[in-house]
Amino acid sequence: MQLYNTVTRKKEEFVPRDPGEVSIYVCGPTTYNYIHLGNARPLVVFDTIRRYFAYRGYRVKYIQNFTDIDDKIINRATEEGEDPINLARKYIEEFFIDSDALNVMRADVHPKVSEHLPEIIEMIENLISRGHAYQVDGDVYFDISSYRDYGKLSGRTLDDMQAGARVDVDQRKHHPMDFALWKAAKEGEPAWESPWGAGRPGWHIECSAMSLKYLGNNFDIHGGGHDLIFPHHENEIAQTEAATGQPFVRYWMHNGFITINQEKMSKSLGNFFLVREILAKFPSETVRFFLLSTHYRSPLDFDDEKLEAAGKGLERVKNCLRLIYESEKNSFADGGDTAGFLSLLDLRRREFETAMDDDFNTALAIGVLFELVGDINSYLHKAVPDSLVSSTALAGAVHLIKDINSVLGLFSLDEGGNILLEKNRPGGGELADGLLELIVRMRQDARSRKDWATSDNIRDGLKELGITLEDTPQGPRWKR
RNA sequence: GGCGACAUAGCCAAGUGGUAAGGCAGAGGACUGCAAAUCCUUUAUCCCCGGUUCAAAUCCGGGUGUCGCCUCCA
């Protein structure tokens, strides 16, 4: 497997720290609001990466943190007159509602900053004792000049950064780019006791402390959004390698940004979309499909038309599955060109793996999925009328689609492990289904009388209720 | 000002040296009572200029444009 490493700016062969195992840490959200589309991309992207490692037979250890102590949370809590930790807890619950909807698997551990103060404080003490950090009043800063490789991730030098400094420099710092490891508490803020007085951790130290705790030194993959490269991940590297004297992470991966109507998503532009707002308008599998239809490192522009187009594309995949399920009833142990079809399935599987092996090229992988759909459809197109559908062929097709789905995570499965096609669609239930069957039968009567007015009327009426009726040589079929 | 990314058909999007995957939309045909679904066929020389090469969307130089980071941000 090849993956693009932000540090080297090249694709590299993936070699895990421990054979057969992958350790992944992905920066999670600051929980002061419902998650937005920009949060959803890394969620879905790294979930897919994790799933592919599992598909490849790796044991995966996946950690995603919550930043539940932060200025933004404190500000928000102050506005709402609520306790910051409670506010954060609430949005952590909301986070899971959205991420579950997007079919994102839970991490093995979701560590919170508020529950890792001892680890954080210990790490800061370690940095101070090694001469990499210094205390000023109640604050502790990392001494950037003490770490020679500073800038290796983002590809900048200290000189570059000083030249471009746009922030007022705190005169107490040794170097303008020194960053806070510990912040002295201000009046009314949540605070924890520390050797430097009451305060709270700086933003970057949490990820270092928590990733080391759960994954150890030199773990495999650290991921996050492109914007975290600098300063967040740069600082993580500096403080961690300064503290441990060992390499921190083997591969750094960063997903590209989402834009809305070609503009950066931002509150001031009023184009800030929450995941649940989008899920109110589009099925979650469409959203996930859309997020994976572009390579994870490329920018991705969002608008309603693009999501609608994605939804129509996905419908093609679902139709194919419907055709398979429908044909299973009339399949035979063998028939037609089963061998030829099975070798085609093998080819598609190899293509899928090749695509994913190449830096998780989900866009290409989805292309392969569509090729597969075309293969299956055209097989059925020929085999169904001649009653030559092979159950072996169908089983192989379903197996492959399920395997691909286990990686892309587009469709949920029911209790029996079958792909759910009607998820999120209202109007199920025994009574409704029974009525529908009745109506369809009555329409068939009308059709046999060539009463086209009645039959078309029924079809149009059902369409308005969100039920599509299709007449086939094998009889009518309906779908929600 | 510093650092970096990208520019492929109407739209979305793969493709890093050998004459452009796939999806949406469109066109023609098959099937259908009509549709739908499905099948078959069809729609691009890859921002511009110059260079390297037998050969470039793919490498190099220049230009234009778009975007991101440098401050909280996925």
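The structure presented is a predicted model; accordingly, all values stated were derived computationally and were not measured. Here is the naming used below: chain letters follow the sequence lines, and residue numbers restart at 1 for every chain.
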May I have the distance from [X] (atom [atom1]) to [N] (atom [atom2]), rounded to whole angstrom?
X: A/Tyr296; N: B/A13; atom1: OH; atom2: P; answer: 17 Å
X: A/Leu321; N: B/A37; atom1: CG; atom2: C1'; answer: 14 Å
X: A/Tyr4; N: B/G4; atom1: OH; atom2: P; answer: 11 Å
X: A/Asp358; N: B/G15; atom1: CG; atom2: P; answer: 7 Å
X: A/Phe289; N: B/C24; atom1: CZ; atom2: C1'; answer: 10 Å
X: A/Lys11; N: B/G15; atom1: NZ; atom2: C1'; answer: 10 Å
X: A/Arg443; N: B/A36; atom1: CZ; atom2: P; answer: 13 Å

Nearest-nucleotide wise, let me know which of A/Ser455 and A/Asp227 is further upstream toward the 5' end of RNA chain B.
-> A/Ser455
Quick one: look up who [N] pairs with, Watson-Crick or G-U, both distances under 3.5 Å, and put none if it's unpaired.
N: B/U71; value: none
N: B/G26; value: B/U42
N: B/C6; value: B/G65

State plainly whether the residues [X] and [Y] are in salt-bridge range, i.e. N to O under 4.0 Å.
X: A/Lys183; Y: A/Glu189; value: no
X: A/Lys90; Y: A/Asp68; value: no
X: A/Glu351; Y: A/Arg348; value: yes

Below 4.5 Å, heavy atoms only, C-beta onward: do A/Asn65 and A/Cys207 meet side chain to side chain?
-> yes
Using a cut-off of 4.0 Å on non-hydrogen atoms, how would the nucleic acid contact of [X] be classed: base, sugar-phosphate, or nothing?
X: A/Gly38; value: base
X: A/Leu43; value: nothing
X: A/His295; value: sugar-phosphate
X: A/Asp471; value: base
X: A/Leu469; value: base

Could you tell me whether the side-chain ring of A/Phe370 sits stacked on the base of B/G23, using a centroid cut-off under 5.5 Å and a plane angle under 30°?
-> no
Aro-ring/base stack A/Phe257-B/A74, d under 5.5 Å, angle under 30° = yes
Between NE2 on residue A/His295 and CZ on residue A/Phe360, distance to nearest 0.5 Å | 9.5 Å
